[in-house]
Amino acid sequence: MTSEGNTMAGQLIVGLDVSSRERAEEIVALLGDSVDFYKIGYQCFYGADGFALGKALLAAGKKVFFDLKLLDIDNTVEKGVAAIAETGATMLTVHAYPQCMRAAVKGAAGSDLCILGVSVLTSMDDADLKEAGFARDTAGLVALRAQQARDAGIGGLVASAHEAEMVRTIVGPNMAIVTPGIRPAGSARGDQKRVMSPAQALAAGASHLVVARPIIDAPDPAAAARTILAEMAGGTRLA
């Protein structure tokens, strides 16, 4: 892999969306040094002993993003975030409600944990937000959450690449913008409604890209990761 590819590896986050620790560890082994950042979400966290897996990955020198989307009363969020911070994880998601984000900042105080506020899920569009009772459209709600995240002092946001450029203008150059719904050329959309290619997402202002199925479901996950890293090299990096 080129030196540029190695640089990109810090911006590519592979989602371990599997139900067994054995399969997760197999994927990590197959990817080897080409990937050093992994996301552990609900499926892996609850079905594959993901908390222990995350700590093992950290011990092996990998970076871990716990995608748990915390939302609860302030004290519960604060204590939960503090527990994750003690692992040495790099990123953790909370829902981008102002009280929740402020509580998360308290819980992460004194650590290097980057709190990410989840704005609007990439599986949702304007019709879904209307059904859920929101008066704003997707872009309007993402903009509001971005302003609130900036004011709360968290580390970044999770947003669709389609909103990344707008979010970047709101939060400035230093906050992370983590974009799921990334689909390399020729990949199926799956259940995602707002998707973008790797290079396009970086050019739009994303700092990190989350990719799961196009890599972990590929016949050769390492080759799929290399292809995505090559596509990423065509984008403009902000981190």
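Nothing fancy with the numbering, it's 1 onward along the sequence.
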> Any donor-acceptor pair under 3.5 Å linking the side chain of Asp128 with the backbone of Asp125?
Replying inline: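 Here the side-chain-to-backbone pair exists.
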
> How would you list, by chain and number, every residue that makes a side chain to side chain donor-acceptor pair (under 3.5 Å) with Glu86, sequence neighbours excluded?
Replying inline: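 Partners of Glu86 by the side chain to side chain donor-acceptor pair (under 3.5 Å) criterion come out as none, since no residue qualifies.
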
>> Between Val178 and Phe65, is the side chain to side chain contact (heavy atoms under 4.5 Å, CB included) condition met? List the steps.
In response: CA-CA 11 Å; Val178 178; Phe65 165 19; 4.2 Å; yes

> Of all heavy-atom pairs between Leu209 and Met232, which one has the smallest distance, and what is that distance?
Replying inline: CD1-CG, 3.8 Å

> Between Met101 and Ala152, what is the shortest heavy-atom contact and its length?
Replying inline: CB-CB, 3.9 Å

> For the atom pair CG (Leu16) and CD (Glu26), what is the distance rounded to the nearest 0.5 Å?
Replying inline: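 CD of Glu26 is found 11.5 Å from CG of Leu16.
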
>> Nearest 0.5 angstrom please: Leu70 CG to Lys79 NZ, how far?
In response: 14.5 Å

> How long is the span from the CG atom in Leu116 to the NE2 atom in His95, to the nearest 0.5 Å?
Replying inline: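 Between Leu116 CG and His95 NE2, I get 13.0 Å after rounding to 0.5 Å.
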
>> I need the minimum non-hydrogen distance between Gly107 and Ala85, along with the two atoms involved.
In response: O-CB, 4.5 Å

> Considering all heavy atoms of both residues, which atom of Ser207 and which atom of Ala176 are nearest to each other, and what is their separation?
Replying inline: OG-CA, 3.4 Å

>> Would you say that Glu163 contacts Thr179 through its side chain, given a criterion of any heavy-atom pair below 4.5 Å between the two side chains?
In response: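 No. Closest side-chain heavy atoms not under 4.5 Å.
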
>> Could you work out, with side chain to side chain donor-acceptor pair (under 3.5 Å) as the rule, every residue matching Gln43, not counting sequence neighbours?
In response: Ser19

> Is the shortest heavy-atom distance from the side chain of Ile84 to the side chain of Phe51 under 4.5 Å?
Replying inline: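 Contact flag for Ile84/Phe51 side chains = yes.
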
>> Could you tell me if the side chain of Lys69 sits less than 4.5 Å from the side chain of Leu121, heavy atoms only?
In response: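 Sidechains of Lys69 and Leu121: in contact.
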
>> Quick one about Arg102 and Gln99 (side-chain donor to acceptor, distance below 3.5 Å, no hydrogens or angles considered), yes or no?
In response: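 Short answer, no.
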
> Does one hydrophobic cluster hold both Leu144 and Ile177, with members joined at side-chain heavy-atom distances below 4.5 Å?
Replying inline: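 Yes.
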
> Roughly how far, to the nearest 0.5 Å, is the OG1 atom of Thr227 from the CD atom of Glu231?
Replying inline: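 Glu231 atom CD to Thr227 atom OG1 measures 7.0 Å (nearest 0.5 Å).
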
> Are Leu12 and Leu30 connected in the hydrophobic side-chain network, where two residues link if heavy atoms are under 4.5 Å apart?
Replying inline: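 Result: no, two separate clusters.
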
> Are Arg168 and Glu165 close enough for a salt bridge, meaning some N to O gap below 4.0 Å?
Replying inline: no

> Do Phe37 and His208 have side chains that get closer than 4.5 Å, going by heavy atoms?
Replying inline: yes

>> Can you tell me how far apart CD (Glu131) and CE (Met124) are? Round to the nearest 0.5 Å.
In response: 8.0 Å

> Under a 4.5 Å cut-off applied to non-hydrogen side-chain atoms, are Leu157 and Met175 in contact?
Replying inline: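 They are in side-chain contact.
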
> Does any non-hydrogen side-chain atom of Ile215 lie less than 4.5 Å from one of Ile228?
Replying inline: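 They are in side-chain contact.
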
> Checking side chain to side chain contact (heavy atoms under 4.5 Å, CB included) for the pair Arg145/Val167: CA distance, chi angles, key distance, verdict?
Replying inline: CA-CA 9 Å; Arg145 297 300 189 219; Val167 170; over 6 Å; no

> Of all heavy-atom pairs between Leu57 and Tyr38, which one has the smallest distance, and what is that distance?
Replying inline: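 So the minimum-distance heavy-atom pair works out to CD1-CB, 4.1 Å.
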
> Taking all non-hydrogen atoms of both residues, which atom of Ile154 and which atom of Gly117 are closest, and how far apart?
Replying inline: CD1-N, 3.4 Å

> Is a side-chain donor or acceptor of Asp72 paired with a backbone partner of Val77 at a separation under 3.5 angstrom?
Replying inline: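 Not a single qualifying donor-acceptor pair exists.
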
> Is there side-chain contact between Ile115 and Leu113, with heavy atoms separated by less than 4.5 Å?
Replying inline: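 In contact.
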
> For Pro221, which of Leu31, Val35, Ile216, Val28 qualifies under side-chain contact (heavy atoms from CB on, under 4.5 Å)?
Replying inline: Leu31

>> For Phe45 and Phe66, take the angle between the two ring planes, folded into 0 to 90°, and tell me which bin it lands in: parallel under 30, tilted 30 to 60, perpendicular over 60.
In response: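 Rings of Phe45 and Phe66: perpendicular, as their planes differ by over 60°.
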
> Between CG of Leu129 and CG of Leu141, what distance do you get to the nearest 0.5 Å?
Replying inline: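 Reported value, rounded in 0.5 Å steps: 6.0 Å.
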
